[in-house]
2 protein chains.
Amino acid sequence: MRRSIPEATVARLPLYLRALTELDPGVGFEATVSSERLAELAGVNAAKVRKDLSYLGSYGTRGVGYDVALLRFQMNVSLGLTGERAVIIAGAGRLGQALANYVGFRERGFRVVAMVDVDPAKVGSNLSGIPVLAPDEVDQLLAANDGCIVVIATPEDVAQGVVDRFVAAGASNILNFAPGVLSAPSEVMVRNVDLGLELQVLSFYAARKEGSVDS
Amino acid sequence: MRRSIPEATVARLPLYLRALTELDPGVGFEATVSSERLAELAGVNAAKVRKDLSYLGSYGTRGVGYDVALLRFQMNVSLGLTGERAVIIAGAGRLGQALANYVGFRERGFRVVAMVDVDPAKVGSNLSGIPVLAPDEVDQLLAANDGCIVVIATPEDVAQGVVDRFVAAGASNILNFAPGVLSAPSEVMVRNVDLGLELQVLSFYAARKEGSVDS
DNA sequence: TAGATTGTTAATCGATTAACAATC
DNA sequence: TAGATTGTTAATCGATTAACAATC
């Protein structure tokens, strides 16, 4: 029975992986790293690093530190990044296409295998080498890509319907770019990236700075 | 002396604004709303709603609820959304262009006034009606757009330099899409959206589901 | 052995939520 | 007045961090 890892910890694992990747560029460059140094690279507290890493197992050596290559490997295992992971993008509009071509995905071991769109003018074509499929091919697509991640890049008003369709086809990991609250069964992991919300939060702080000039 | 509002609360204000906007579609449709109902629409706890809203001031009436139109207006004031707010996008690549055309920004009162790029082939042109400027026009651009938000959509390796340049020109609110830890003076608000990180977090949960099948 | 650093416990902190007095 | 619902206090919860025993 595995302990469950706090979501806040999970969200920091990619930061540690990035730091480890920077430390491990060649052969025997920096063999070990302390929690202190790793914390500095990831921009967090050293105690937090040790606590987070202890959830993954005991990969450090007291008095020495963490073996960079080993920890990096284990981190990849924990994050399920040992092979290539398939990504399917719902919505082949501007955002969908930008995401499909985002090099940051490929660099991190993700492969966009298909886009799905309702537009008959797009279906059947290849956009930057990525095939565009019709919605009625979703079942087949999901069956062929076990453990894939579905990215929702459709207009807001159809997002819930699209999610329902993908969940029915077996999707269980969703990254949603459409604004608004989506509902999905609790065993389906949904992460939301709301670009408008991010701007509104920044607008709040911008307004605050303006406000404090006078009064 | 204003109380400072917790960041977690600030991040929820846009959710409340969205809910209020749904409730307020015409004249006298739903005049008031209870914290209970608002909580349901925003997908949070009712006590949290009341606590969050109390930071903005006392806009409710005991026994009655919140006046939808009034609260919506005050929310817009708090979020600095009473006028149009300028957005400047650094990087006119695929992601930058997708963001520049993202309708969700315009719908929420943001206006992309310019993109900035180093590519001489793009500088001076209009991409979807948005002018592309050269880096040496940044000072002028920032001076002309007080309280603007700068979006970093450049490659990772130049992001820090771009941030430094914009901060020197007076930018104080940054939405960063480049992976990695950016440094900026503490008075500059930086929010990070790391698309690769989001996928890695989902990959973690996907791996977990696979793992629990066997073993 | 002495110095360094992990892994973990215990203390601290902040955010969430329940409860309720205030009051419409 | 009775019922409803806010605004706020106090209790709870979980996450962060300091501290230190274990141990290389």
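To find a chain, count down the sequence lines: A is the first, B the second, and so on, and within it residues start at 1.
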Decide yes or no for B/V87 and B/R111: does some side-chain heavy atom of the first lie under 4.5 Å from some side-chain heavy atom of the second? no

Looking only at atom types and distance, does a side-chain atom of B/T82 sit under 3.5 Å from a main-chain N or O of B/V77, one as donor and one as acceptor?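 No.
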
Could you state the [atom1]-[atom2] distance from [X] to [N], rounded to the nearest angstrom?
X: A/E36; N: C/dG7; atom1: CD; atom2: P; value: 15 Å
X: B/Y59; N: D/dT5; atom1: OH; atom2: C1'; value: 19 Å
X: A/K51; N: C/dC13; atom1: NZ; atom2: P; value: 17 Å
X: A/K48; N: C/dA10; atom1: NZ; atom2: C1'; value: 18 Å
X: B/N45; N: D/dA11; atom1: CG; atom2: P; value: 18 Å

Paired nucleotide for D/dG7 [Watson-Crick or G-U wobble; both distances under 3.5 Å]: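 By the stated definition (distances under 3.5 Å), C/dC20 pairs with D/dG7.
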
Using a distance-only criterion (donor-acceptor N/O pair, under 3.5 Å, no hydrogens), is the base of D/dT6 paired with the side chain of B/R62? yes

Any side-chain N or O of [X] less than 4.0 Å from the OP1 or OP2 oxygen of [N]?
X: B/R12; N: C/dA15; result: no
X: B/S35; N: D/dT6; result: yes
X: B/S58; N: D/dG7; result: yes
X: A/Y66; N: C/dG7; result: yes

Ranking B/G63 and B/R50 by the position along DNA chain C of their nearest nucleotide, the one closer to 5' is B/R50

Nearest nucleotide by nearest heavy atom, which residue falls closer to the 5' end of DNA chain D, A/A8 or B/V33? B/V33

Base, sugar-phosphate, or nothing: which does B/R37 touch, judged by heavy atoms less than 4.0 Å apart? nothing

With rounding to the nearest 0.5 angstrom, report the CZ to OH distance, A/R12 to A/Y55.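 So the gap between those two atoms works out to 9.0 Å.
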
